[in-house]
Amino acid sequence: MCKVLVLPGDGIGPEIIAEAVKVLAVLNEKSVIDVSIDNGLVGGAAYDAHGHPLPEETLVKARDCDAILLGAVGGKQWESLDIAVRPEKGLLGLRAELELFANLRPALLYPQLADASSLKPELVAGLDLMIVRELTGGIYFGQPRGIRTLDNGEREGFNTLVYSESEIVRIGRVAFATAQRRGGRLCSVDKANVLECTELWREIMSSLASDYPDVRLSHMYVDNAAMQLVREPKQFDVMVTTNMFGDILSDCAAMLTGSIGMLPSASLDAKGKGMYEPIHGSAPDIAGQGIANPLATILSVAMMLRHSLDNEAAAVSIEKAINAVLDDGLRTSDIMSSGMTQVFTSEMGDAVVAKLA
Ligand code: IPM
Ligand code: MG
């Protein structure tokens, strides 16, 4: 029996998580998996209940389980809080405390949704790329950081971009291994022409290459990478990059596929334990209306089965079910196009469940 901790979070989080839990339940019923589900609070919901976005109780459960399924965190009503207790800190705290350093963000274009992309169909048809983002280091966590007042009375904000060799090596190895399992091409993204920290990043990525003779390594500056992503995205197979560059490039890559509502992610530690979440946010503007797209979260369940629960067959069955539902023409509003059938969040979840049952 595997233990899964479910953290719905804020905004549309609870709505999309409910559909993912339905999927886990049907797979349990069919004995395809053997999973027990526990629930916890994180983000603004946790702040409201306990005064902290990552309560001790949640952290204890998170350490104890085999995998975590998270909805999304954040919302307007918490934006004025001190940065130390904002909902985002719940997410960052989980990543740091559990050492979930390897963030896998696939950008896969479903052929059924080709015209949802803002790029020309021929540029994105067949798009299948994977961004491997470093998740527990870099400027997100570097010290010192803060806002200080100088002698002349002016204030100054500062953060630190720092990576140790071992941090670069471990994310590099995940990326090379990911490229080995895919198309054998890895592009490391840095700003080595300006930032010493990423000069070291480039040097270490290059030094790892000899251990992976079947992977073709290339390097690209981040500004060029952003441009290439929208110019010719299919040139990429796997991209590996720092925490902040990965944050930015993965949103860009997501939109190539037409809807950020379709993309899952995995955040893994060294042993394969992971936290799984859709890459979109809490979308407060549509929360409570039952119209959010639950597919990214359901696809996150598939990633969880693949990477943490060692059940590739179940992962594939979920992905197939989603393909079948899209083939049937069902669309939530974010991916709706003419001739298709618009459905609510729960109808989409039920349709996937029906395919699995
Ligand atoms: C993401 C999000 C988070 C990040 C925020 C919510 C802290 O944008 O997962 O990409 O910046 O990492
Ligand atoms: Mg982001």
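Remember, it's 1-based here, ligands and their atoms both numbered in the order they're listed.
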In this structure, are over 12 heavy atoms from other groups packed under 6.0 Å from Ile147 atom CD1? no
Nearest non-hydrogen protein atom, atom 2 (C) of ligand 1: Asp247 OD1, 4.0 Å
Would you check the N or O atoms of Tyr140, main chain and side chain alike, for any that come under 3.5 Å of an N or O of ligand 1? yes
Looking at the Mg ion (ligand 2), is there an N, O or S atom belonging to Asp251 that lies under 2.8 Å away from it? no
Cluster link Val26 to Leu330, ILVMFWY, side chain under 4.5 Å: yes
With rounding to the nearest 0.5 angstrom, report the CZ to CG distance, Arg95 to Leu135. 4.0 Å
Polar side chain donor-acceptor pair, Trp78 to Asp10, under 3.5 angstrom: no
Spacing of Leu69 atom CG and Ile298 atom CD1 [to the nearest 0.5 Å]: 10.0 Å
Touching ligand 1 at all, His280? Heavy atoms, strictly under 4.0 Å? no
Shortest protein contact, atom 5 (C) of ligand 1 (heavy atom only): Glu88 CG, 4.3 Å
Of all protein heavy atoms, the one nearest atom 1 (C) of ligand 1 is Arg105 NH2, 3.3 Å
Applying a strict 4.0 Å limit to heavy atoms, is Glu277 in contact with ligand 1? no
A cation-pi test, strictly: NZ or CZ of Arg170 under 6.0 Å from the centre of the six-membered ring of Phe101 and no more than 45 degrees from its axis. Yes or no? yes
Report, in ascending order of atom number, the atoms of ligand 1 lying under 4.0 Å from any heavy atom of Arg133. 1 (C), 4 (C), 9 (O), 10 (O), 11 (O), 12 (O)
